[in-house]
Amino acid sequence: ETGVTQSPTHLIKTRGQQVTLRCSSQSGHNTVSWYQQALGQGPQFIFQYYREEENGRGNFPPRFSGLQFPNYSSELNVNALELDDSALYLCASSSSWNSGANVLTFGAGSRLTVL
Amino acid sequence: DQQVKQNSPSLSVQEGRISILNCDYTNSMFDYFLWYKKYPAEGPTFLISISSIKDKNEDGRFTVFLNKSAKHLSLHIVPSQPGDSAVYFCAASAAQKLVFGQGTRLTINP
């Protein structure tokens, strides 16, 4: 089975620009979550998508938005980039049919640098 | 408000000995706790989990202990191997999300 793949792996933007990050979920998974990992910190929950709708959101402003497509792939969009948005963005997929622990399968991430 | 804390940024252990990584939490509503391992340039990889109604879960060399009264959990790795060198994240499950600690960098010395 294929794992979670993210693109691009690295990118550099300037303040005020917009960025779109992409994620393909693991086969058999129907739920996608996005996390932001700042340097030296643990991943922080941005939001989750299930059935193409946002299904929970962390403490991030509205300029962070997302999409989930019918094939369960997803996009994270960030508008009006700020310097503090520089981080590793992790996509994770999971299955809503699994009971028990909320085990997420993570991609390798997209490292965003905002100058 | 840091609900999950890993107070040791780094830990160095000799190969073959026991590694103990610690994690504290503040929210009694967490239903599961998980440990993830992360190598450079890779995403976090799930290691082991424990339900909040259990106090121990074991999987091979890895054992997680949960002390609910102290709101503390720990991951024991016995025996430690060089391939265990990585950053370890403690995470707590709440509704749709995982709340992560800051991570502990474990280095296994030969």
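Convention: sequence-line order gives letters A, B, ...; per-chain numbering from 1.
The part of B:L34 that comes within reach of chain A is its side chain, from C-beta onward, which places non-hydrogen atoms under 4.5 angstrom from that chain. Within the 4.5 angstrom heavy-atom criterion, no atom of A:Q44 approaches chain B. Contact annotation for B:F33: neither backbone nor side-chain heavy atoms come within less than 4.5 Å of a heavy atom of chain A. Within the 4.5 angstrom heavy-atom criterion, no atom of A:F47 approaches chain B. Neither the backbone nor the side chain of B:S51 has a heavy atom closer than 4.5 Å to any heavy atom of chain A.
When all heavy atoms of A:A108 and B:A41 are compared, the closest pair comes out as CB-O, 3.9 Å. The shortest heavy-atom contact between A:G107 and B:P44 is O-CD, 4.4 Å.
A:I46 and A:L11 fall within the same hydrophobic cluster, where Ile, Leu, Val, Met, Phe, Trp and Tyr residues are linked whenever their side-chain heavy atoms come under 4.5 Å apart, directly or through other members. Under the 4.5 Å side-chain heavy-atom criterion for Ile, Leu, Val, Met, Phe, Trp and Tyr, B:L47 and B:L21 are members of the same hydrophobic cluster. In the hydrophobic clustering of this structure, B:L66 groups with B:V99; members are Ile, Leu, Val, Met, Phe, Trp, Tyr whose side-chain heavy atoms approach within less than 4.5 Å, directly or through other members. Placement of B:F65 and B:I50 in two distinct hydrophobic clusters is found when ILVMFWY residues are connected by side-chain heavy-atom separations under 4.5 Å, directly or transitively. The hydrophobic clustering, which links ILVMFWY residues whose side-chain heavy atoms are closer than 4.5 Å, places A:F60 and A:L21 together.
Listed in order of number, the residues of residues 71-83 of chain B that approach chain A to under 4.5 Å between heavy atoms amount to none.
Summarising the geometry, atom CZ belonging to B:F30 is positioned 12.0 Å from atom CG belonging to A:N102; distances are rounded to the nearest 0.5 Å. From B:F89, atom CZ reaches atom CD of A:Q41 across 9.0 Å, with rounding to the nearest 0.5 Å.
When atom types are taken as modelled, the side chain of B:Y36 and the backbone of A:L104 share a donor-acceptor pair closer than 3.5 angstrom.
In this structure, the ring of B:F100 has its center no less than 6.0 angstrom from the ring center of A:F45.
Counted within 6.0 Å of CZ on B:R17, heavy atoms from surrounding residues, nucleotides or ligands total 12 or fewer; the atom is thus considered open.
Within the 4.5 Å cutoff, no side-chain heavy atoms of A:F106 are placed close to those of B:K38.
Among A:G58, A:P43, A:S33, A:G40, the residue with the largest count of heavy-atom pairs under 4.5 Å with chain B is A:P43.
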